[in-house]
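In what follows, chains are A, B, ... by sequence order, proteins preceding strands, each numbered from 1.
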Number of protein chains: 2
Amino acid sequence: MTANILVVEDEAAIQELLAFNITQCGYRAIEAYDADGAWTHINHELPDLILLDWMLPGSSGVELARRLRANQRTRNIPIIMLTARTDERDKILGLESGADDYITKPFSPRELMARIRAVLRRRAPQMSDETVVAGGLELSPTMHRINANGVMIDLGPTEFRLLHFFMTHPERVYSRSQLLDHVWGDHVFVEERTVDVHIRRLRQALEPSSFDSLIQTVRGSGYRFSSS
Amino acid sequence: MTANILVVEDEAAIQELLAFNITQCGYRAIEAYDADGAWTHINHELPDLILLDWMLPGSSGVELARRLRANQRTRNIPIIMLTARTDERDKILGLESGADDYITKPFSPRELMARIRAVLRRRAPQMSDETVVAGGLELSPTMHRINANGVMIDLGPTEFRLLHFFMTHPERVYSRSQLLDHVWGDHVFVEERTVDVHIRRLRQALEPSSFDSLIQTVRGSGYRFSSS
DNA sequence: CGATGGTATGACAGAATTGTGACAGTAGCA
DNA sequence: TGCTACTGTCACAATTCTGTCATACCATCG
């Protein structure tokens with residue numbers, strides 16, 4: 001979830017400002033002061049987004065952008081150009097070189113972060129938006145709803161993710177810690193018993209439609225979503 | 001999606017070149033050879049973008065640009081100025097007259113198309129003129145009106161666009177970001193919470209007719225327009 | 001049958017998210 | 001030029017969601 005943002009900027013003051021704002025928003029800022037340094041970082045680890053200064057010592061930002069676009073491995077990394085020039089023409093050149101967006105200095109931190117979020121959002125991997133059908137239920141991620149024989153069921157965020165996971169992995173027993181990994185995320189630390197509570201809440205929501213029996217307890221092992 | 005581009009240019013050779021490139025890129029080129037001809041076309045059908053020669057017989061391009069900007073109906077049509085002059089002062093004049101961009105002759109077709117795409121990309125999304133019926137409401141873009149079981153509801157511009165979007169995309173949950181992109185436009189940078197405020201204003205307007213429940217909050221995800 | 005280990009439930013406080021009223025700056029309009 | 005309506009933001013209120021407990025419940029086994 002935390003995106004790595006590579007900031008390529010030679011002016012230390014601006015670099016610092018950018019890093020501060022980026023960190024503030026919950027992203028991780030990786031610093032580079034020229035194209036070569038940036039390239040080294042990129043070869044070490046692919047960032048999720050590159051914030052690239054137009055004017056850089058050595059090869060320019062545009063050049064780096066072109067290089068990124070030419071390389072198969074780095075082709076899809078979104079780039080936001082950072083330029084002091086207000087000349088519209090330069091902006092266009094920046095876009096043509098493969099940048100996804102550009103912003104002129106001086107910029108407001110708010111606008112910058114808005115653009116970063118916008119770009120990340122556009123490039124965000126499409127998670128399975130497909131409607132899932134299982135056990136007589138129909139779960140639609142886009143509508144964020146469950147259709148139980150014509151009756152619509154609304155769930156809270158966690159219960160929704162939980163049911164979604166179960167419906168996409170039916171007939172199989174999952175331990176509490178496996179469920180925590182898949183539904184909550186690998187990194188979060190919560191008590192295993194918390195799963196029990198959410199299972200109950202999910203059953204409670206499915207009870208009016210008598211679909212609560214779909215979620216079965218396997219004593220000593222975990223839970224299972226099963227039609228039988 | 002195919003944008004109509006009005007090309008106002010008196011030299012036939014350039015006109016032809018422009019039309020060729022524009023068509024090549026999948027847009028539709030409408031030709032005009034002077035300001036009057038352009039005006040006639042504009043009154044007949046609003047183009048999505050105007051490519052305007054600086055020097056025109058009769059009234060100049062700048063004059064036409066001013067006229068376009070002075071008129072409410074044509075105010076938001078993006079304009080790209082086409083000029084042979086490289087004089088910086090003229091550039092400024094061109095931009096001040098309301099042009100969104102300018103390009104000096106001779107220009108490369110590639111650069112021109114880049115600018116056209118960039119300007120079109122910045123443009124706020126247009127809504128269709130068709131009357132939409134959903135959830136018991138009837139929204140007429142041409143009359144800028146909502147009919148709620150015979151009761152007419154007036155909305156501000158933003159609330160109207162918001163409701164229009166919802167009614168044309170019912171049952172589906174949209175995040176605040178997505179709503180900003182679709183209703184405000186990709187290039188607009190406002191706080192996500194601003195969406196909440198407009199949702200409230202929209203609900204408030206729909207409340208007297210008890211249609212406010214059509215807009216549902218999906219906690220953690222966004223909002224949804226749904227009849228159920 | 002009672003002991004034991006595992007599971008279900010209800011209650012809760014804190015966290016996170018959303019709803020609202022107010023406000024200042026702008027744009028549109030007469 | 002004033003006036004009115006519309007917008008985007010805030011701060012604060014209201015609501016919902018989460019993770020944990022303590023306790024009740026239940027199956028299994030000695």
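Interatomic distance, CD1 of A:Ile199 versus CD of A:Glu159, reported as 9.5 Å (0.5 Å rounding). Residue A:Thr142 holds its OG1 atom at 10.5 Å from NE2 of A:His144, rounded to the nearest 0.5 Å.
One finds a side-chain N or O of A:Thr158 lying less than 4.0 angstrom from the OP1 or OP2 phosphate oxygen of D:dT18.
When atom types are taken as modelled, the side chain of A:Asn4 and the backbone of A:Arg28 share no donor-acceptor pair closer than 3.5 angstrom. At least one donor-acceptor pair under 3.5 Å links the side chain of B:Arg161 to the backbone N or O of B:Val183. No donor-acceptor pair closer than 3.5 Å links the side chain of B:Asp53 to the backbone N or O of B:Val8. Here the side chain of B:Arg224 pairs no donor or acceptor atom with the backbone of B:Gln216 at under 3.5 angstrom.
What separates CD1 of A:Ile215 from C1' of C:dT7 is a distance of 15 Å, to the nearest Å. The distance from atom CD of A:Glu191 to atom C1' of C:dA8 is 17 Å, rounded to the nearest whole Å. Summarising the geometry, the separation between CH2 on A:Trp184 and P on D:dT20 is reported as 10 Å, rounded to the nearest angstrom. Between the P atom of C:dG10 and the NE2 atom of A:His198 lies a distance of 16 Å, rounded to the nearest Å. One can place CD of A:Glu159 at 14 Å from P of D:dT16, the figure rounded to the nearest angstrom. For the pair B:His144 NE2 and D:dC6 C1', the computed distance is 12 Å after rounding to whole Å.
When heavy atoms are screened at a 4.0 angstrom cut-off, A:Glu192 is found touching no nucleic acid atom at all.
Summary of helix geometry: the two end axes of the helix from C:dC1-D:dG30 to C:dA30-D:dT1, each defined by five base pairs via their C1' atoms, are inclined to each other by 30° (rounded to 10°).
Annotation: of the two residues near DNA chain D, A:Val190 and A:Gly156, the 5′-most nearest-nucleotide partner is A:Gly156.
Residues A:Thr158 and A:Arg201 have side chains that never bring a donor and an acceptor to within less than 3.5 angstrom of each other.
With sequence neighbours excluded, the residues satisfying side chain to side chain contact (heavy atoms under 4.5 Å, CB included) with A:Glu138 are A:Thr131, A:Val133, A:Asn147.
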Residues A:Met167, A:Phe225; criterion side chain to side chain contact (heavy atoms under 4.5 Å, CB included); working and verdict: CA-CA 7 Å; A:Met167 289 179 67; A:Phe225 180 92; 3.8 Å; yes
Close N/O contacts between protein and nucleotides 18-26 of chain C (under 3.5 Å):
{"unit_1": "C:dT18", "atom_1": "OP1", "unit_2": "B:Gly220", "atom_2": "N", "d": "2.8"}
{"unit_1": "C:dT18", "atom_1": "OP2", "unit_2": "B:Arg176", "atom_2": "NH1", "d": "3.4"}
{"unit_1": "C:dT18", "atom_1": "OP2", "unit_2": "B:Arg176", "atom_2": "NH2", "d": "3.4"}
{"unit_1": "C:dT18", "atom_1": "O5'", "unit_2": "B:Arg176", "atom_2": "NH2", "d": "3.4"}
{"unit_1": "C:dG19", "atom_1": "OP1", "unit_2": "B:Arg203", "atom_2": "NH1", "d": "2.9"}
{"unit_1": "C:dG19", "atom_1": "OP1", "unit_2": "B:Thr217", "atom_2": "OG1", "d": "2.5"}
{"unit_1": "C:dG19", "atom_1": "OP2", "unit_2": "B:Tyr223", "atom_2": "OH", "d": "2.5"}
{"unit_1": "C:dG19", "atom_1": "N7", "unit_2": "B:Arg193", "atom_2": "NH2", "d": "3.3"}
{"unit_1": "C:dG19", "atom_1": "O6", "unit_2": "B:Arg193", "atom_2": "NH2", "d": "2.8"}
{"unit_1": "C:dG21", "atom_1": "N7", "unit_2": "B:Arg200", "atom_2": "NH2", "d": "2.9"}

